[in-house]
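Here the structure is laid out as structure tokens; the discussion comes afterwards.
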Amino acid sequence: MRRKALLSMASAASVLLCGATALYATGALGDSSGNSSRTDLLSGQDWSHLAGAKVSNDGIGVNGLGRRIVQQDGSGGQANPPVNLSGPRLRVKGSFSVTATMAGVGSTDGYLHLYDSAPVVYDEWRQEPPGLRLGVEGSRVRVDVWDGRSDTARTTKRFGTGLSDTVTLTATVTGTTIKIRANSADLGTVPAQGILDSGTVLFGLDGTTGRPWTLKSLTAQALNGTALRIDQAPSPTVEHTDGTLRTTAAGLTRPFGIGTALASGPLLTDTVYRTTAATQFSMITPENDFKPQFLHPQPDTYAFDEGDALVRFAQANNIRVHAHTLVWHEALPAWMRALKTPDAVEKAMVDHVNTVAGHYRGKVTEWDVVNEPLSDEDADYTNGNRGLRAGRNPWFQALGEQYIDLAFTTAHRADPDADLYLNEYGAEEDGERWEALLALAQRLKARGVPIDGIGFQNHEYEKGDRTAAETFRRHVRKLASIGLKARISEMDVILGEGESQDVQVRQFVGKLDVCVEEPNCTTFGLWGFTDRYGSTSGVGEYPLPTGNALPWDEDLRPKKVYSALLERLRG
Ligand code: 9MR
């Protein structure tokens, strides 16, 4: 279906281009100043996997998703517009122009976004890459320039007035300026601030939720002898390599998953990241792409595109997907937090779980059904909440502990073959969190809730977070005694001042030992694998800070802890 739609759109686009011969005459033939012919960025290119976009004979329909990334407490909301990571990328070094014909923008707002790399999402933050957004807003042309040093645009300019319903915009990017043209008129310039000189341009489309517009054509032209070509997104299939973590673990008497969190941005734009992920890991956990604020941004709008890209990659490389996460008090779209009555909250949760677990049925092997249900407030361990988080948790507030039962039974009905987990942090050591978690697991089992296991996140963010492998082993065994599996779900170990990599080696290998030796341990999983994109190295900083918590460094070279893990699996 999709392929067919694309092909017919391709012919529609060429008709459109023929219709615009006068406008493009010089470029179409090439010219004496060394300008190339115009290259079509729609025909034969993949726009069908861009979130919010719909490919048809008319062009590309764009419905703004209103995606935002909220703070942990649910406040704020940084814009997170979609990027066509699975689509064309322009390779160009030097001056070039991009021309877009946008229809339907007389009555709504529409934007074309050019990025010089994929945005990186860290903790509750999207690092905005250098880029240019070009669009029509309130019948005027609006241009924004991000320079890669701030979340907010360095330059915002509005031009013209009373634009008609169909507008052809051109941005001509040279070293120092970007010249803006609408229909046949020059509007002015904005400073280029060194953006779009990485050699790659990725595209995104955005608009207002519920008021779609249509991209009719999109072309690029190299100027002054510059070389320009279009590349497709990389193939998801990566060549198999022996002697890696995953192949070595596969040879164990009782194989288990070697897991990592994975992010669609780097996966589709960073070859070494992609190759390392495919060759070293047998299980992936979507770091963010399956969270409600990413795939369910509006009550009636789901956008599975980035999540589906992770699944395609996993399928192509024989990797299992541990899906994360259905019911959590964080990473919620604003509308989910604004629900007023317990009935509305319950309905939203059930619909969400049904739709998302239903969509991925047969494509994922496991789910984190409920994430982090335990409280950080001492009071919740004594006030009758049995250690369950109440504050900022709309699910608990509406339904009490029963929300957990309901989430699991609904997920089980939606995907009966998936193993269902409850995932928690800070329960590796003895103490009230572990006791509350065990008691909860026992109550769920006693009530016949279809729970298969517990994920222990194993985040170690500070020197004081180091945990004892033997204590953790007791917890894993205790779960076995009540018929539950256990997994190490999100391990990372941030080194503090003066700590050597040996600290990491001890922590990681200690937990790996437990997983190798305890029959109910199903996965040894990391929260990312490289310091280049690790989620725990800092937020809000430009340039992107790198971390030290993971087995591969920021250049994707394996560190001491990698060799130690491999050694342990061989041993
Ligand atoms: O790594 C994730 C980060 O990019 C997100 O902004 C954040 C909020 O959605 O979640 C991070 O991942 C968390 C995971 O979903 C649950 N356990 C703790 C992880 C690290 O904070």
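Both counts, for ligands and for their atoms, begin at 1 and track the order of listing.
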Give a yes/no verdict on whether any heavy atom in [X] is under 4.0 Å from an atom of ligand 1.
X	value
Y425	no
F294	no
H324	yes

Can a donor-acceptor pair be found, under 3.5 Å and without considering hydrogens, that links the side chain of R389 to the backbone of L374? yes
When rounded to the nearest 0.5 angstrom, what distance separates CD1 in I284 from CZ in F281?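 The CD1 atom of I284 sits 11.0 Å away from the CZ atom of F281.
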Just jot down the ligand 1 atoms closer than 4.0 angstrom to any heavy atom of [X], in number order.
X	result
V121	4 (O)
Y122	3 (C), 4 (O), 5 (C), 6 (O)
E124	5 (C), 6 (O), 7 (C), 8 (C)
A331	9 (O)
Y461	20 (C), 21 (O)

Would you mind listing every ring-ring contact (aromatic ring centres under 6.0 Å, His included) that reaches into residues 473-511, with sequence neighbours excluded?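 Output for this query lists W434-H475.
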Give yes if a backbone or side-chain nitrogen or oxygen of [X] is under 3.5 Å from a nitrogen or oxygen of ligand 1, and no if not.
X	answer
N371	no
K291	yes
W125	no

Within the 6.0 Å centroid threshold, strictly below: W527 and Y533: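 They do not qualify: ring centres at least 6.0 Å apart.
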Between W367 and H322, is the ring centroid distance below 6.0 Å?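 No.
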Can you tell me if Q280 and Y562 form a side-chain donor-acceptor pair at under 3.5 Å?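 Judged by distance alone, the side chains do pair up.
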Of all residues at least two apart in sequence or in a different chain, which pass the salt bridge (charged side-chain N to carboxylate O under 4.0 Å, His left out) check with D405? R447
Has R133 got its NZ or CZ under 6.0 Å from the middle of the six-membered ring of Y111, at an angle within 45 degrees of the ring axis? yes
Q72, E330, E490: member with heavy atom nearest to atom 18 (C) of ligand 1: E490
Got a salt bridge between E366 and R487, using NZ or NE/NH1/NH2 to carboxylate O under 4.0 Å? yes
With heavy atoms only and a cut-off of under 4.0 Å, state how N288 meets ligand 1: side chain, backbone, both or neither.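 It is the side chain that touches ligand 1; the backbone stays farther off.
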